[in-house]
Each structure stands twice: as structure tokens, then as C-alpha cells.
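Values in this document were obtained by computation on a predicted structure and should not be read as measured data. The first residue in the sequence is number 1, and the count goes up from there.
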Amino acid sequence: MKLSKSLAMLLTLICITVIAVTTFRLSPSFARSTPAMSAQESPEKVTTDLIAQGSSGNTLYTKLGGYNGIAKVIDTSLGIILVDPVIGKYFIGLGTNSKQKLRQLLVDQFCQAAGGPCVYTGRTMKLSHSGMDGGLSDNEFNAFANDVSQALTQNSVNPSAKADVLAFVESLRSKIVEN
């Protein structure tokens with residue numbers, strides 16, 4: 001009796017798992033499901049799709065070493081950005097969880113823009129950066145771009161891929177710089 005109860009419970013858990021995986025279209029690694037892009041975000045999606053192809057026809061995602069390569073560049077970038085004298089002030093006081101969430105949003109955003117399987121679920125760049133001390137300046141945006149460039153160099157990203165990433169970063173300028 002006890003064995004059949006355990007077997008029934010195991011079968012129930014398997015059925016629930018199959019239903020959840022099917023319903024939420026989860027990958028075998030049980031990655032989280034993400035909602036579709038809103039109409040407000042679709043112009044940014046078009047921009048990232050154009051950049052994702054890169055100059056040589058291969059996706060930038062592949063040229064950067066996939067998810068792990070992008071995550072490594074983002075980790076290096078954040079290490080530089082958080083202590084940058086020009087833009088580091090915006091990150092003072094962030095707790096560990098907030099930094100981890102920021103990191104994941106950046107990984108997802110760059111991964112999606114590079115043509116990878118990720119979906120950026122954060123706010124639009126305009127909304128995320130509005131009202132920050134009267135808006136980010138060109139100087140602050142340039143500091144961010146330079147920090148990303150430095151991280152790409154430190155991670156030995158080839159010049160073609162580096163140019164594509166920096167083109168993506170530059171495409172965000174009009175959505176981030178307010179003055």
C-alpha cells in the first residue's frame with residue numbers, strides 16, 4: 001500500500017512537470033518562461049535584430065562565444081562600471097540582489113541583441129534611465145561605452161565582434177541620453 005502511494009505521488013509529480021514544461025514552453029534546463037514583447041518595446045526589438053546579424057553574416061551571439069561568453073563580458077563590464085568615477089555613482093547603495101538582477105538584465109539584453117535565445121524582459125531603455133539626476137549626459141553614456149569596450153578587450157573579443165557590440169551600445173544612446 002505504501003509503495004503504491006509513493007508511486008502515485010511520483011506519477012503525479014511527473015505529470016505536473018510535463019504540463020508545466022509544455023504550458024510554459026520551458027527548456028529541458030527549466031529556464032524561466034518570458035512574456036512576449038509589448039508594442040512599446042517593438043522598435044527596440046527591430047534595432048537589436050538588425051545588429052544581431054553582424055557584419056559577416058554569423059550571429060554576434062556565436063562570435064561572442066554564446067551565453068557564457070556574453071555573461072563573461074557583462075561580468076567584466078560591471079566590475080569596471082560599478083567603480084567608474086563618472087557613472088559608478090548611479091550604482092552606490094545597490095545590494096547584492098539588485099546587482100545580480102542588473103547583471104541578469106544586461107546579460108539577457110545583450111544576448112537577445114546578439115541573436116541569442118534570451119529574451120530581455122526589463123523596462124525600455126528610455127524608461128529605465130529617465131529622471132536620473134536630470135538624465136544621463138553624453139559624457140556618462142561615453143563612460144559606459146568605454147567601460148564595455150574595455151571589458152571586450154579584456155575578454156579578447158575579436159575586433160569585428162567588438163565593433164558590432166559597440167554599434168549595439170551606440171544604438172541605445174538616443175534612448176538613454178536625455179540632455
Is there a side-chain contact between [X] and [Y], using heavy atoms and a 4.5 Å cut-off?
{"X": "Arg173", "Y": "Asn142", "answer": "yes"}
{"X": "Gln109", "Y": "Leu172", "answer": "yes"}
{"X": "Glu170", "Y": "Phe141", "answer": "yes"}

Practice problem: Could I get the full list of salt bridge (Lys or Arg N to Asp or Glu O under 4.0 Å) partners for Arg103, not counting sequence neighbours? | Solution: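 If we apply the salt bridge (Lys or Arg N to Asp or Glu O under 4.0 Å) test to Arg103, skipping adjacent residues, the hits are Asp75.
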Can you check whether [Y]'s main-chain N or O pairs, donor with acceptor, with [X]'s side chain at less than 3.5 Å?
{"X": "Ser171", "Y": "Phe168", "answer": "yes"}
{"X": "Thr62", "Y": "Asn58", "answer": "no"}
{"X": "Tyr61", "Y": "Tyr67", "answer": "yes"}
{"X": "Glu140", "Y": "Ile87", "answer": "no"}

Quiz item: Are Ile80 and Leu106 joined in one hydrophobic group, where the rule is that I, L, V, M, F, W and Y side chains link up if heavy atoms are under 4.5 Å apart?
Solution: no
Quiz item: Are Asn155 and Thr76 linked by a side-chain donor-acceptor pair shorter than 3.5 Å?
Solution: yes
Practice problem: Please list all pairs passing the salt bridge (charged side-chain N to carboxylate O under 4.0 Å, His left out) test where one or both residues lie in residues 153-163, with sequence neighbours left out. | Solution: none
Practice problem: Test Val165 against every option in Val73, Ile70, Leu60, Val157 by the side-chain contact (heavy atoms from CB on, under 4.5 Å) rule and name the one that passes. | Solution: Leu60
